[in-house]
Structure formats: C-alpha cells, structure tokens
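First the structure, in the form of structure tokens, and then the observations on it.
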Number of protein chains: 2
Amino acid sequence: MPDHHSRPAEATARPHSHGDRRPEAVRAVRAMAAFATESEMYLAATGRDEALHRTDLNGLRVVMSSGDEPVTPRRLSQALQLSAPATSAMLDRLERLGHVERRPHPHDRRSVVVVATDHAHTVGASMFGRVGARMAPVLASRSAGELAVIAQFLEDAAVATGSARADIRTTS
Amino acid sequence: MPDHHSRPAEATARPHSHGDRRPEAVRAVRAMAAFATESEMYLAATGRDEALHRTDLNGLRVVMSSGDEPVTPRRLSQALQLSAPATSAMLDRLERLGHVERRPHPHDRRSVVVVATDHAHTVGASMFGRVGARMAPVLASRSAGELAVIAQFLEDAAVATGSARADIRTTS
DNA sequence: TCGAATAGTTCCACAGTCGAAAGAGTAGGA
DNA sequence: TCCTACTCTTTCGACTGTGGAACTATTCGA
C-alpha cells in the first residue's frame with residue numbers, strides 16, 4: 001500500500017473531510033506503513049525459515065491465542081478469510097508438520113477441534129523470541145505513560161483498519 | 001505470529017535479558033501485533049477487491065514510493081525478497097492490468113525501468129483513501145507531541161523488526 | 001420423522017513461486 | 001582491443017496454495 005511518498009496517498013488521504021496535515025501526523029502515518037511492511041516481511045522470512053506458508057502461520061496464531069475457546073475449522077476459516085477447502089488444506093499441512101492435531105468435537109460429530117502441539121509452541125517461541133529480543137530495548141527506553149499512549153493509539157488504529165476493510169465489502 | 005496470549009510468547013519474550021514485563025509494555029506489544037494483523041488483512045481484502053495479489057500490491061508500493069530513483073526488476077526483486085522469475089511474472093500481471101509500464105533503461109540495455117501508470121495511482125488513491133478516512137479521527141484526536149512519540153516508536157519498532165528478520169539469515 | 005441446513009473433506013482447475021536454462025548485454029583484465 | 005566472466009531479464013517447467021463444486025456425515029427444527 002503506498003505510503004505518503006506517492007502522489008495518490010497525499011492527494012486522497014482526506015477523501016471526505018480535511019485530513020490531518022500536521023507534519024507529525026504525516027510522519028505517524030508513514031511510520032505505521034513502515035512498521036506494517038516490516039512486520040509482513042518478518043512473517044514471510046520466518047515462514048520460509050520454518051517451511052510454513054503465511055496462511056499456516058496465521059492459522060497457528062489463531063489456534064494458539066484462542067485461550068479456552070475451542071478452535072474449529074469453521075472458526076479458522078472465518079478468522080483467516082479462507083474458504084473451507086483452503087482451511088482444510090492448511091490444517092493438513094500443519095498436521096503433517098506436527099504443529100496441530102485434529103480432535104473430535106465434544107458435541108458435534110461433524111466438526112473437529114484443532115489444538116496446537118508442543119512443537120508449535122516451540123516454533124512460536126522461537127519466532128516471537130527473536131523479534132522480542134530486538135524489541136526489548138525499544139520498549140525499555142519508553143516510560144509507562146508513553147507506552148500507554150502508544151498502545152491506545154495502535155488499538156484505535158487496528159480498529160480503524162478493520163473498519164476500512166469492512167468498508168470494502170459494503171462498497172463493492 | 002502469536003501474541004501474548006500464547007504460552008511461548010510470554011515464556012520467550014526475554015531470551016537474553018529480562019524483557020519488559022510492565023503491563024504497559026505487554027499491552028503495547030499486543031497492540032502492535034493486532035495492528036500488524038489488521039494491516040495484513042486490509043492488504044489481502046483490497047487485493048481481492050482490485051484483483052491484485054499481495055505481491056502485486058507490494059510491488060506497486062515499491063514502484064510508487066521510489067521517488068526519482070529508477071525502479072528495475074532487480075531492485076524490485078531485492079525489495080520484495082522475490083526470485084527473478086517471480087518478479088518478472090509479477091510485472092507481467094501489473095503490466096497486463098495497466099498498472100505499470102516497462103521502459104528501456106537509459107544506459108543498461110539488459111534492464112528495464114518500471115513506472116506506475118495513472119491507473120495505478122487511481123487504485124492507490126482508492127486504497128489509501130479508504131483507510132485514511134477511517135484513520136483521520138484517530139490522528140486528529142492526538143496532540144502533535146503524542147504523534148511524535150508514536151511515530152518515533154514505530155520507526156524504532158520497524159528497525160527492530162528489520163533487524164530480527166536479518167537475524168533469521170545469520171542464525172539459519 | 002423428515003427435510004433443509006451445516007461442517008468438513010475431496011476433487012480439480014487455476015494461479016503464483018522458484019530452479020534451471022537461455023539470450024542479450026556489461027565490465028574488467030590480459 | 002578483445003575475450004571471458006558476470007549480470008539482467010525472460011522463458012520453461014514443476015511444485016504448491018486457493019477456491020468452486022460435489023460429496024458424506026451430522027444436526028436441528030418444523
């Protein structure tokens with residue numbers, strides 16, 4: 001997605017109302033784009049390192065962050081915006097590599113419950129640990145107050161991005 | 001990539017030195033993961049909307065944000081971590097859809113220079129405009145001082161993520 | 001009880017990636 | 001100046017991920 005360097009970005013960053021033209025806002029938007037791009041490239045690189053496709057990594061993320069809530073193929077399909085066959089194929093790959101197990105659903109015999117294995121947790125630890133190590137000084141050098149501002153902003157930005165994605169469906 | 005909900009994340013967020021265990025830091029890391037995930041999903045959704053693969057969108061981003069520097073297939077290949085044939089195929093797709101043009105390189109006849117068309121700028125404007133509209137109130141509600149803190153943090157976080165990606169190559 | 005709907009999997013066609021190879025061009029050293 | 005090694009891009013072919021259609025098993029409500 002183009003950042004503020006490109007023509008259309010600057011021309012259309014304020015489609016309905018006047019956008020925020022403060023230089024701090026421009027810099028923040030550019031920084032968000034750069035961070036999003038680096039995150040995507042890190043995902044792709046770790047995927048190559050672990051022989052996992054991007055979809056597989058995202059699937060693991062959903063399974064591993066579901067808490068006590070059982071994860072079914074249906075739920076994964078919705079969370080990842082994948083078709084049913086693609087979700088099945090992804091689970092085939094993760095199962096073959098020993099990252100997940102399909103278990104019978106406790107009260108719906110059409111379905112299965114997907115659980116992550118210890119191997120998956122090891123891989124996740126390695127991935128998160130690597131970026132966590134590099135991120136530690138970035139976090140440590142900020143005060144609690146600054147981190148709270150940053151966190152709140154990113155939460156709001158995530159919601160806004162999700163709304164923009166929903167806008168695509170309603171305008172198509 | 002697993003966020004803090006998962007076991008390995010918490011267990012390994014401090015691989016060498018003690019990580020930042022302040023609740024504000026935990027919240028910030030989680031917010032970064034959520035924002036990165038939403039950004040990736042927005043990219044995928046707009047890609048589907050415009051019949052453009054994720055690689056194509058990233059390619060356009062590189063072409064459109066290159067300023068005066070000529071973009072060659074070689075440079076695109078490096079920026080996107082794609083093989084030469086994959087870069088060629090991507091340019092084929094973008095050219096066929098009228099988003100880019102391949103022009104003769106001014107002083108290296110082996111190469112070409114890739115330029116974005118007005119059509120590409122229109123698409124970029126639409127994509128950025130949509131998310132820009134949703135992001136506008138998020139930016140407008142922050143002071144210049146807050147935005148400066150946020151931007152600096154995300155720039156540092158992007159560098160840290162890039163370093164983590166480089167770490168993959170050296171430890172593999 | 002039965003029919004409609006749901007859940008997941010399989011089959012198959014399409015599309016994106018990369019290794020190998022080929023052709024054209026460049027650069028540097030003898 | 002010329003030749004060799006290297007570079008750049010594209011093409012070919014094999015592999016892999018996605019999604020539509022179809023199938024099977026199961027669930028649920030009339």
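Throughout, a chain's letter reflects where its sequence line sits, starting with A, and its residues are numbered from 1.
Per the geometry, CE belonging to A/M90 stands 11 Å off P belonging to D/dG19, to the nearest Å. Taking atom CG of residue B/L94 and atom C1' of nucleotide C/dG16, one finds them 13 Å apart after rounding to whole Å. Taking atom CG on B/D92 and atom P on D/dT10, their separation rounds to 7 Å, with Å as the unit. Rounded to whole Å, the distance from CG on A/L76 to P on C/dT9 is 11 Å. Between the NE2 atom of B/H105 and the P atom of D/dT10 there is a distance of 13 Å, rounded to whole Å. Distance CZ (A/R54) to C1' (C/dT17): 13 Å, rounded to an integer number of Å. Between the CG atom of B/D56 and the C1' atom of C/dG16 there is a distance of 9 Å, rounded to whole Å. For the pair B/R103 CZ and D/dT9 C1', the interatomic distance rounds to 19 Å; values are reported in whole Å.
For the pair B/A89 and B/R109, nearest-nucleotide mapping onto DNA chain C gives the more 5' position to B/A89. Looking at which nucleotide of DNA chain D each of B/T72 and A/R96 is closest to, the 5′-most match is held by B/T72.
Salt bridge present: A/E101 and A/R103 bring a charged side-chain N and a carboxylate O closer than 4.0 Å.
Sorted by first and then second residue, the salt bridge (charged side-chain N to carboxylate O under 4.0 Å, His left out) pairs involving residues 137-148 of chain A (not counting sequence neighbours) are A/R142-B/D156.
Regarding contacts with the backbone of C/dT17, a side-chain N or O of B/T55 is found under 4.0 angstrom from either OP1 or OP2. For A/R74 and C/dT6, the shortest distance from a side-chain N or O to OP1 or OP2 is not below 4.0 Å.
Counting only heavy atoms from C-beta outward, the side chains of B/L147 and A/R27 never approach each other to under 4.5 Å. For the pair A/D167/B/R134, a side-chain contact is recorded, criterion being any heavy-atom separation below 4.5 Å from C-beta on. Annotation: side chain of A/V114 is not in contact with side chain of A/L94 (no heavy-atom distance under 4.5 Å).
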So B/D108 and B/R74, salt bridge (Lys or Arg N to Asp or Glu O under 4.0 Å) or not? Walk me through it.
CA-CA 12 Å; B/D108 189 343; B/R74 178 77 169 91; over 6 Å; no

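Among the protein residues, A/R102 comes within range of the sugar-phosphate backbone only, with heavy atoms under 4.0 Å from sugar or phosphate atoms but none that close to a base.
Not a single donor-acceptor contact under 3.5 angstrom links the side-chain atoms of B/R110 to the base of C/dT26.
Taking every heavy atom of residues 77-88 of chain A and every atom of DNA chain D, pairs under 4.0 Å involve A/L82, A/S83, A/P85, A/A86, by number.
Among the nucleotides D/dC8, D/dT27, D/dG17, the one closest to any side-chain atom of A/R93 is D/dG17. Side-chain proximity of B/D108 to C/dT26, D/dT9, C/dG16: nearest is C/dT26.
Smallest separation of non-hydrogen atoms from A/A45 and B/I168: CB-CD1, 3.7 Å.
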